[in-house]
Amino acid sequence: MSIEQIRITLPNGDVLEMDGGSTAGDVAAAIGPGLAKAAVAAVVNGETVGLAEPIEADAAISILTEKNPESLVVLRHSAAHILATAVRELRPGAGIGFGPAIDDGFYYDFEVDKPFTPEDLEEFEKKMAEVAAADQPFTRRRVSKDEARELFSDDPLKLERLEEFDADEVITVYENGGFLDLCKGPHVPSTGKLVHFKLLSGAGAYWRGDEKRQMLQRIYGTAFHKKSALDEHLNRLEEAKKRDHRVLGKELDLYSIQEEVGQGFVLWHPKGAIIRHTIEEFLKATLLEHEYDLVYSPQIASEELYKISGHLEVFEEDMFPAMDDNGTRFRMKPMNCPHHFMIYKTQTRSYRDLPIRFAELGTCYRYERSGTLHGMLRVRCFTQDDAHIFVRPDQIADEYDRLLDLADYLLTVFGYEYHLALATRPEKALGDPAVYDAATETLRGVLDRRGVGYEVDEGGGAFYGPKIDVNVVDAIGREWQGGTFQLDFEMPERFGLVYIGSDNTPHKAVVIHRTLLGSMERFVGGLIEHYGGAFPTWMSPEQVRVLPVGEQWHESASALAADLKGAGIRASVEGRETLGYRIREAESLKIPYMGVVGEREAADGTVAVRRRGAGKKQEVMGREQFIAAVVEQVETKALG
RNA sequence: GCUGGCGUAGCUCAACUGGUAGAGCAGCUGAUUUGUAAUCAGCAGGUCGGGGGUUCGAAUCCCUCCGCCAGCUCCA
């Protein structure tokens, strides 16, 4: 009897001769005992597998340790199984759904009579620690479909999933400590690998994400290899809570949403409004510099318009109900595009006129389902930074380049990093797939030429054309939806958007729907969280607060405030209460500059400048110098 | 929209298993004239989310509607 030898190629190019059927764990051990101990999982021919997986043929293998991000996914997936193990032990009747690893952790869905309480979660967490301490090995088994049916005969959700497997598909099950799950793995070698974890929340979730199916109870948790990483993650959650725009919006008196006004309708208070105004003025000036034309359109339109655009057909449930005027039905506008198309159509356009760029801070109304509303980030009335660009097919690439330049400029001003994503043709796309794909390649070419990294969202494009999304990354690393630049071949068809070519015949124009900032509501809401309420000076509602030390310096302080205002700075004087009280107040309001005026400053014509968040580190300077410094901050739109 | 939790003064929160609402901050008034994150005192402020019910009696128990929060679903 001879065991066949196989050749294992390691990442550094070394080749190991191993017995056929050796496991990835054996490979790790062959490399060294340290690695064997640190190993979490392995990548065999590009596929992540468990360490107990036998290897039958020559293969390229790399061993994953805690240092590889992929190993975290494995750990978290195993954590989900350990959670299910704990729940099954404590609530034997609980049905099990899915339990995957997700971006920041994992979840598991259970079918139970009573939803879980926070106390239940604590109980589960304790039990999980016990399961982990027991160091149960995860064992993997290949089973036939019939065998699997037998194994999961008491788990209707698993049986349902099972029926979706093809007859010849490999079905694997994982077991640890008597808990069995239908699962393709991989897993960590044993439950003992799970040490640093936390259950975070519970909530309902539809079985298979389908709102027509029963609701399961989902438990979210997270896990890390190192305690420090777990702590850091939990701190980040705390930090996110502190930056919540709904909390800061109230504290800083920026906006409110009130029941009497209506769900999802934002009231911009003066301080919020000045922030928005500042951004809008900056944006409009920038658009004019970039050869956009500003347009305005009404917020109500005849339903006929939305019949042409097709919105009534595909978007009606997101629209407010119609208002009827003697048989003419009107709708609050859900999008600006049809209006802009009607402006385009008022003239015969020449190929020489294109590109034509119509921009509008257009207010739209959408009847969002009540459960989706969220502060300023998801509302029912919002003002889009919207534009529709009409181009010839040969101008697409150039125009996308300009858009990416503009997005880069704007987002940099606000201190955002960003990622780009190309979304390609979905299944249900309209029109000629070849046209769609050619356009996609054009966009891909633009991205490639720029030499910037981007993701590809396969099948994520709109039904009418591909798009490039700009996803911004905020100060604490969270991603937000930012700009989106969508190509549209469908609307030009519906609206008959043409231009006269050099051949003196009409040609179909191509439309680019684009937004750079999204909506003012979402953008400002995002900025509140990005800056944690501490806006850069140029956007701050109040830029300088002048604080006289005592009443006798009030006049001198007022003179300084007047000079600041004269220079276009938003400044005020606050003289009541003690200096300490007023400094505390100004710090809580996150005013970027405090100017203290007392006996010395009044005498020398100086001011003691205290910067937001800088504590007692202050600088005494001449008043002209101070004013010039603040003006410079504003003019350069300096961050911080 | 769905599942669960929650809704008390402008804000943040108390009020044991039903006995008739209280504190801090903010506001107002007065005193204090202040040198770097809360000076002191007084006053005022609530039909306990709305409606209905049970009860001698409801912030508390039940029903219903509205809203908020988490998640699902959906999106600028």
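Throughout, protein chains are lettered first and strands after them, A, B, ... in sequence-line order, and every chain is numbered starting at 1.
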So, is [X] near the phosphate of [N], with a side-chain N or O under 4.0 Å from OP1 or OP2?
X	N	answer
A:R545	B:U36	no
A:R612	B:A37	no
A:K616	B:G35	no
A:T578	B:U39	yes
A:Q618	B:U36	no
A:R366	B:C75	no
A:Y220	B:C72	yes
A:H374	B:A70	yes

- Message: Under a 3.5 Å cut-off for both contacts, is B:U3 paired Watson-Crick or G-U wobble with anything, and if yes, with which nucleotide?
- Response: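 Matched B:U3 with B:A70 under the 3.5 Å cut-off.
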
- Query: For B:C61, which nucleotide is its Watson-Crick or G-U wobble mate, given both distances must be under 3.5 Å?
  - Reply: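 Pair assignment: B:C61 / B:G53.
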
- Closest-nucleotide ordering on RNA chain B, the 5'-leading residue of A:Q217 and A:V549: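 Per heavy-atom nearest nucleotide, the more 5' residue is A:Q217.
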
Quick one: which protein N/O atoms are closer than 3.5 Å to N/O atoms of nucleotides 65-67 of chain B? Pair and distance per line, please.
residue, atom, partner, partner atom, Å
B:C66, O2', A:E259, OE2, 2.4
B:G67, OP1, A:Q263, OE1, 3.0
B:G67, O4', A:E259, OE2, 3.3

- Task: Indicate, with a heavy-atom threshold strictly under 4.0 Å, whether A:T515 touches base, sugar-phosphate, or nothing.
- Result: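 Answer is nothing: A:T515 stays at 4.0 Å or more from every strand.
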
- Message: Classify A:G204 by what it touches in the nucleic acid, base, sugar-phosphate, or nothing, heavy-atom distance under 4.0 Å.
- Response: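 Counting heavy atoms under 4.0 Å across all strands, the contact made by A:G204 includes a base.
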
